[in-house]
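Here is how names work: the chains are called A, B, and so on, in the same order as the sequence lines, proteins then strands, and each is numbered from 1.
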Number of protein chains: 2
Amino acid sequence: MEDRKLTVRAVERALDILLCFTKSKELALTEIASLIGLHKSTVHRLMATLEDKGFVVRNSETEKYRLGLKIWELSVHMSQSDDPAARLLPAMESLRDRLGETVSLYLRDGAERIRIQAVQSNQAIRRVAQVGARLPLSVGASSKVLVAFAAPADQEELLNAPDWPESVDRDAYRKQLVDIIQDGYAISMEEREPGAAAVAVPIFDRNGKVAAALSMSGPVTRLSAEKLREYAPILKEAAHEMGMMI
Amino acid sequence: MEDRKLTVRAVERALDILLCFTKSKELALTEIASLIGLHKSTVHRLMATLEDKGFVVRNSETEKYRLGLKIWELSVHMSQSDDPAARLLPAMESLRDRLGETVSLYLRDGAERIRIQAVQSNQAIRRVAQVGARLPLSVGASSKVLVAFAAPADQEELLNAPDWPESVDRDAYRKQLVDIIQDGYAISMEEREPGAAAVAVPIFDRNGKVAAALSMSGPVTRLSAEKLREYAPILKEAAHEMGMMI
DNA sequence: AACCAGGTTTCATGTAATGAAACGCGAGAG
DNA sequence: CTCTCGCGTTTCATTACATGAAACCTGGTT
């Protein structure tokens, strides 16, 4: 209990409850209680508050909770014309058309990355990327890009975090990062998902910080390492233009 | 102070803060404080909590707050394949193509309605409907539909609410509702917006409750009262089909 | 330099959040 | 038909913790 928390516990708990709904979209009271480890009466009170304000609604039959209209409303007002995912969509689409493979955009969020936009290849065999998916930073081309160009302090924190997977050797990973910074791109062959390969590049904002990672991905059968490297300059060029739009 | 509140004050306040961002998408600490009438130190603590959990982020230059990634993430997980707005979109588009005018979908939320989906007419002169807009229940074709088919208890509560606008005569309104229930549709000529006319019908769910209002709207120059009445059956038919999809 | 308008931190105070326990209630089970 | 179990709801004593006044920073203006 060193540094006193300058946050509000009740609110933290309420927000944690909301975040439960990214895992499952319908939850019962007791489920939530056990999920975040609180007494059901406490959760009940918090849920009543959330429901009162329209952040959750309850299914009148099952009595389970789901996210409410207010969340939707906030998201609408958020994404109106200023969210990068919407602004970069056209550029991503033209890149997809040029490359013929699925193109995705990732943001780093703490010790994870999150796919905020994706346009699918229209080939018969293709990677299907779900928008909103949360993925680890330990594997995948975009992950390595996001980590490689992160602030050194962040980088070490991520690598030394207790939940860094055993299976990923830290030193080997660090070594890769050096190359990635030099090359300006990262590739991955079936790192996270069997059968999938990808190449990713950073998108820098005006201040020269990584704003996002742009990736192209598809089946290994179509994408050899050499082929990925060929594509890298095209991605870089697109990323540079996108950086101007952020 | 009759019935004790079974909600959590700190959480209520935090949620109120989040809702401020439907009005303005970037807010400074003091703005928020005055907006909801709290001391800035209290707001600061609440904001720190919201920021910590990623529900708001602050613009590093202006120091102002805006909604964060978590809100977006929640909304993505919410609307994946189960939100009516997405499921009804194709039906609305075909209706728009058939009628040539803007088609909108409204939900009642308390004493307001909210436009959850809209497909725009592609004529040169057209109504432009913003998704996410919050509108009063006192005027407009969709409002009248939503009120007319609401539960009687709700209906009276709405009409007797202190914030019912003076300009709208309650008795005249009640009288209209009777006709609307009988006809199964409502029309409005420049009620809410000068130059705009609309016809709206209810969408019932399987239990026979109004789930939403479906409306077609356009410039009065194109849409006379007779013309609107002509369109009503087409809307009803579409609404019936949509009801099956909810 | 003096000021001001933000934001941040501190701290004493007592409100209000908490969780144990009791209550209600419907669904199966026996 | 009663019993019991699981789940949601309510009550209540306790004190942790949210609160807001005030002091403290900080960078920008006059």
- Message: One thing to verify: whether B/E156 and B/R170 come together as a salt bridge, which I'm taking to mean a side-chain N less than 4.0 angstrom from a carboxylate O.
- Response: no

- Distance, rounded to the nearest Å, where B/I17 contributes CD1 and D/dA18 contributes P: 14 Å

- Note on the structure: Contacts of B/I181 meeting side-chain contact (heavy atoms from CB on, under 4.5 Å) (sequence neighbours excluded), chain-then-number -> B/A148, B/F149

- Note on the structure: The ring-ring contact (aromatic ring centres under 6.0 Å, His included) partners of A/Y173 (sequence neighbours excluded) come to A/W164

- Task: Using the side chain to side chain donor-acceptor pair (under 3.5 Å) rule, collect all pairs that involve residues 46-55 of chain A, keeping only residues at least two apart or in two chains.
- Result: A/K53-B/D16

- Drop me the distance from A/L159's CG to A/S138's OG, to the nearest 0.5 angstrom. 10.0 Å

- Message: Tell me which pairs pass side chain to side chain donor-acceptor pair (under 3.5 Å) where either residue lies in residues 104-113 of chain A, with sequence neighbours left out.
- Response: A/Y106-A/R115, A/R108-A/D154, A/D109-A/R134, A/E112-A/R134, A/R113-A/S143

- Rounded to whole angstrom units, what separation is found between the CG atom of B/L6 and the P atom of C/dA16? 15 Å

- Message: For DNA chain D, which residues of residues 52-65 of chain B approach it to below 4.0 angstrom with any heavy atom?
- Response: none

- Note on the structure: Result for side-chain contact (heavy atoms from CB on, under 4.5 Å) between B/I203 and one of B/L105, B/V145, B/V210, B/L235 points to B/L105

- Scan residues 27-47 of chain A against DNA chain D and write down, sorted by residue number, each residue with any heavy atom closer than 4.0 Å; if none is found, say none. A/A28, A/L29, A/T30, A/K40, A/S41, A/H44

- Query: Do the non-hydrogen side-chain atoms of A/I114 and B/W72 ever get within less than 4.5 Å of each other?
  - Reply: yes

- Message: Check this one for me: any side-chain N or O of B/R13 less than 4.0 Å away from OP1 or OP2 of D/dA18?
- Response: no

- Query: What integer distance in Å separates B/E12:CD from D/dA18:P?
  - Reply: 15 Å

